[in-house]
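Residue numbers begin at 1 in each chain, while the letters A, B, ... track the order of the sequences.
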2 protein chains.
Amino acid sequence: MSQSRAGIDLETSLGYLLKETSSALRTAMETVLRPLGMTITHYSCLELLAQRPGLSSSELARGTFVTRQSMNVLLQALERDGLVTRPEQPAAGRVLPTELTAAGRAQRAAASAAVREVELRMTSGLDAAEQAQLGQLLSRCGAALREPGPESPQP
Amino acid sequence: MSQSRAGIDLETSLGYLLKETSSALRTAMETVLRPLGMTITHYSCLELLAQRPGLSSSELARGTFVTRQSMNVLLQALERDGLVTRPEQPAAGRVLPTELTAAGRAQRAAASAAVREVELRMTSGLDAAEQAQLGQLLSRCGAALREPGPESPQP
DNA sequence: GAAGATATGTCAGACTACTGACATGAGTCA
DNA sequence: TGACTCATGTCAGTAGTCTGACATATCTTC
């Protein structure tokens with residue numbers, strides 16, 4: 001039999017292709033964000049706050065696909081650099097709603113324009129229908145992955 | 001005007017969706033690889049070596065989307081643990097062709113089966129035509145990203 | 001009201017991957 | 001032959017993210 005009968009064929013694996021494509025996107029984004037002094041998570045955090053002001057640290061972590069511990073470290077740096085503000089006392093529960101400062105909005109605007117160029121280049125070869133289809137297929141793959149896997153069958 | 005006129009709309013951004021989906025895949029793979037004592041890069045390296053024996057450290061790095069420095073550190077650990085072997089002297093140039101040991105092949109086989117389950121779950125909701133289309137679209141996006149971006153126009 | 005489950009914010013330590021730098025070997029070209 | 005360019009392997013230091021752990025606040029549930 002072939003050498004990878006029960007395994008993964010890298011030539012045709014959608015998982016490998018997905019990783020390859022997202023790696024290319026990550027590299028392209030790092031290339032344009034580095035001159036602005038920002039990492040991808042740094043930018044993602046500002047972008048999320050621009051579109052949904054008042055998000056908590058944990059919500060930002062989920063939206064940027066890192067742990068809340070990592071987001072906490074990042075937010076401390078962003079606060080120190082005057083890009084975001086958080087109240088000293090929680091308004092309700094333990095949640096500290098975060099807001100962009102003027103400097104944060106300015107930095108986000110510059111980065112957002114640069115990232116938009118990257119995304120446009122990525123999708124430049126796809127027409128509107130193909131872009132919609134790609135979004136559809138990716139969404140369905142993501143939803144399938146988030147479903148509970150083959151766990152312990154018995155309750 | 002709207003708050004993100006010249007930027008990215010996270011609700012419809014293909015870049016964000018791509019990151020979200022690959023993050024879900026990464027999490028799912030880590031979940032099944034952790035009980036085996038392997039990271040994703042660790043597994044990817046063994047999988048690559050199983051399908052293309054004799055790859056060099058730099059080639060493995062490119063195939064797993066990390067730097068050759070990171071791959072070097074990993075290979076030293078894999079060699080110490082008896083999963084791969086490298087000749088002490090380069091056969092030609094500086095290249096050290098890497099091979100799996102029996103233990104490495106065994107570990108790769110176990111991991112490959114687990115990862116295959118994850119990939120099957122990811123694509124379980126897609127028929128053959130949709131899977132082919134997804135591969136097509138991802139490939140074209142990746143190719144567009146790897147093209148040289150808007151650099152200095154003059155030579 | 002008390003007990004448990006869940007979610008959040010935070011601190012500390014460890015790990016992974018990265019950038020920067022250097023030496024070495026191979027190929028190119030004048 | 002010699003200079004130049006490029007790719008590889010490696011070492012050292014740094015940065016970003018992770019896991020583990022704890023305290024606190026809210027919401028159920030009895």
Distance, rounded to the nearest Å, where [X] contributes [atom1] and [N] contributes [atom2]:
X	N	atom1	atom2	result
B:E30	C:dT16	CD	C1'	11 Å
B:M71	C:dA17	CE	C1'	11 Å
B:E79	D:dG9	CD	P	12 Å
A:E88	C:dT10	CD	P	12 Å
B:L33	D:dC18	CG	P	16 Å
A:M38	D:dA15	CE	P	18 Å
A:L60	C:dT8	CG	P	11 Å
A:L75	D:dG16	CG	P	14 Å

Determine, stepwise, if the pair B:R26 / B:E30 fulfils salt bridge (Lys or Arg N to Asp or Glu O under 4.0 Å).
-> CA-CA 6 Å; B:R26 177 172 55 82; B:E30 285 172 347; 3.7 Å; yes
OP1 or OP2 of [N] sitting under 4.0 Å from any side-chain N/O of [X]?
X	N	answer
B:R68	D:dC11	no
B:S58	D:dA7	no
B:N72	D:dG9	no
A:T67	D:dT17	no
A:R62	C:dT8	yes
B:T39	C:dT16	no

With heavy atoms under 4.0 Å as the rule, sort A:L74 into base, sugar-phosphate or nothing.
-> nothing
Please work out if A:Q76 contacts a base, only the sugar-phosphate, or nothing of the nucleic acid, heavy-atom cut-off 4.0 Å.
-> sugar-phosphate
Are A:L83 and A:L96 grouped together when hydrophobic residues (ILVMFWY) are joined by side-chain heavy atoms under 4.5 angstrom apart?
-> no
Are B:L74 and B:L36 in one and the same hydrophobic cluster, where Ile, Leu, Val, Met, Phe, Trp and Tyr link if side-chain heavy atoms are under 4.5 Å apart?
-> yes
Show your reasoning for whether salt bridge (Lys or Arg N to Asp or Glu O under 4.0 Å) applies to A:E79 and A:R86.
-> CA-CA 8 Å; A:E79 197 169 13; A:R86 285 192 292 179; 3.5 Å; yes
OG-CG distance between A:S22 and B:L25, expressed to the nearest 0.5 angstrom | 8.5 Å
Of the listed C:dG9, C:dC18, D:dT10, the closest approach to the B:L96 side chain comes from D:dT10
Can you figure out which of D:dT8, D:dC18, C:dG9 approaches the side chain of A:S57 most closely?
-> C:dG9
Confirm from the modelled atom types if B:Q69 and C:dG20 form a donor-acceptor pair under 3.5 Å, side chain to base only.
-> yes
Does the base of C:dA7 carry an N or O that pairs as donor and acceptor with the side chain of A:R94 under 3.5 Å?
-> no
List the steps, then state whether salt bridge (Lys or Arg N to Asp or Glu O under 4.0 Å) holds for A:E130 with B:R140.
-> CA-CA 11 Å; A:E130 288 171 331; B:R140 286 160 63 189; 3.1 Å; yes
Report the residue (B:R86 or A:V73) whose heavy-atom-nearest nucleotide on DNA chain D is the more 5′ of the two.
-> B:R86
Would you kindly compare A:E59 and B:F65 by the position of their nearest DNA chain C nucleotide and give the one closer to the 5′ end?
-> A:E59
